[in-house]
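Residue numbers start at 1 and run along the sequence shown. Below, all heavy atoms of this structure are taken into account, side chains as well, without hydrogens, waters or symmetry copies. First listed ligand is number 1; within each ligand, the first listed atom is number 1.
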Amino acid sequence: MKKITVFKGDGIGPEITDAVLKILEAAKAPLEYEVFRVGLDEYEENGALIPEAAFASFEANKVLLKSPITTPIGKGFRSLNVTLREKYDLYANIRPAKSNTAVVTPFPDVDIVTFRENTEDLYVGVEEQIDADTVHATKIITRRASTRIITDAFEYARAQGRKKVTCVHKANILKKSDGLFLSIFKEIAEKYPDIQADDRIVDAVCMQLVMKPQQFDILVMPNLYGDIVSDLTSGLIGGLGLLPSSNLGRDHAMFEAVHGSAPDIAGKNIANPTAFLWSACMMLEYLGEMEAAARIRRAVDQVLAESEHKTPDLGGRATTTEYRDAIIAHL
Ligand code: NAI
């Protein structure tokens, strides 16, 4: 039995965590769970967003299944997600967006994996108030961080038998910072002659993604573009409820849905837990538990194909618990 750490989070976090843990149990995933409440309620009661025991658990178990946490905008504390990524050097944010035949969208054949650099760029959060009307923000791009994310994208392409890696950037304007990222991409691409490599400017990629997404395979990019472009890819496959992610470092790994805590639907039992469930499948695959992951993926496909069990974001009327129970019934 592998022990993992689970963070319950805010908003829809507790609802989707409950659904996912019950499904993992029904799939007989060989896991033991250490579950922690983290986020705003924890902060208000105990003065810390993440209790020390939760950090200690992740440090020991090295694998974290994390549901979304609310980040107050503009003031207050720094995003917990950014903190976790930095603290554990979870530098590779991998977000696979694949069409599901049961979810009708204008594009039935999207299969794009975004590799987002997770530790630097504008997300270092260094902002300086120059005067009352002027703020400077620092964008950091380093050879070390760019090299490891770009190398991971090519290695993944090779391991998964994929054909092409596209570097997404704005090097025409940010000649030094994005220019460095792009030049490192070109250096690394030469070591992978079996994989096609090209590069595109981020604004053009956004237009092409909504016109002809099938031309893209693997995308690799700095942090900010990765955040935005991967949400766009979730729209191509049916919305945020369907986009999972892994955040990998050398020692630790964190798995979470791409979406946030969705306060507008929290507590209503209508959140779609699929993105979080697929994140749990990515975790099982990371742990080498391929069979349990495959069982869950098959059950989800079957349930999505039966439209009576779809949640409202996918045009259905099922509640989170009805959808969960339908998946468990298939397992
Ligand atoms: P959001 O992703 O929470 O919600 C955007 C829209 O998508 C909302 O209409 C929501 O109802 C819908 N939605 C999201 N997930 C859904 C699901 N599983 N099923 C059905 N509908 C779903 O983004 P928003 O509203 O910008 O952020 C809310 C909070 O979440 C903020 O405090 C933000 O900072 C935080 N956040 C946390 C993340 C994390 O913990 N990884 C990631 C993104 C945002």
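A donor atom on one side chain and an acceptor atom on the other are found under 3.5 Å apart for Asn269 and Thr321. In summary, the side chains of Thr134 and Asp131 do present a donor paired with an acceptor at a separation below 3.5 Å, with no hydrogens or angles considered. A donor-acceptor pair shorter than 3.5 Å can be found between the side chains of Glu34 and Ser57.
Heavy-atom proximity to atom 7 (O) of ligand 1, evaluated over Leu240, Asp227, Asp231, is greatest for Leu240. Of the candidates Met254, Glu256, Glu15, it is Glu256 that places a heavy atom closest to atom 41 (N) of ligand 1.
In this structure, Ser146 OG and Ile184 CD1 are separated by 4.5 Å, a value rounded to the nearest 0.5 Å.
At least one N or O atom of His259 sits closer than 3.5 Å to an N or O atom of ligand 1. On a distance-only criterion, Gly241 and ligand 1 share no N/O pair closer than 3.5 Å. Between Ser67 and ligand 1, a contact under 3.5 Å exists for no N or O pair. Among the atoms of Asp313, none of the N or O lies under 3.5 angstrom from an N or O of ligand 1.
Each of the following atoms of ligand 1 lies closer than 4.0 Å to a heavy atom of Thr70: 32 (O). Using a 4.0 Å cut-off to heavy atoms of Lys66, the atoms of ligand 1 that qualify are 39 (C), 40 (O), 41 (N). The atoms of ligand 1 that sit less than 4.0 Å from any heavy atom of Pro263 are 28 (C). Near Asn81, with a cut-off below 4.0 Å to any heavy atom, the atoms of ligand 1 are 37 (C), 38 (C), 39 (C), 40 (O), 41 (N). Close contacts of ligand 1 with Asn272, meaning ligand atoms under 4.0 Å from a residue heavy atom, involve 17 (C), 18 (N), 19 (N), 20 (C).
Distances from ligand 1 to the non-hydrogen atoms of Val258 include at least one value under 4.0 Å. Ligand 1 lies nowhere less than 4.0 angstrom from a heavy atom belonging to Ala275.
Of the candidates Val165, Val113, Thr151, Tyr156 forms a side-chain contact (heavy atoms from CB on, under 4.5 Å) with just one, namely Val113.
Side-chain N or O atoms of Arg85 include none that pairs as donor or acceptor with a backbone N or O of Thr119 at under 3.5 Å.
Taking 4.5 Å as the limit, some side-chain heavy atom of Asp203 sits within range of a side-chain heavy atom of Lys170. Between Leu287 and Val63, some side-chain heavy-atom pair lies under the 4.5 Å cut-off.
Note that Arg162 lies outside the cation-pi zone of Phe216, set by a 6.0 Å cut-off to the ring centre and a 45° limit from the axis.
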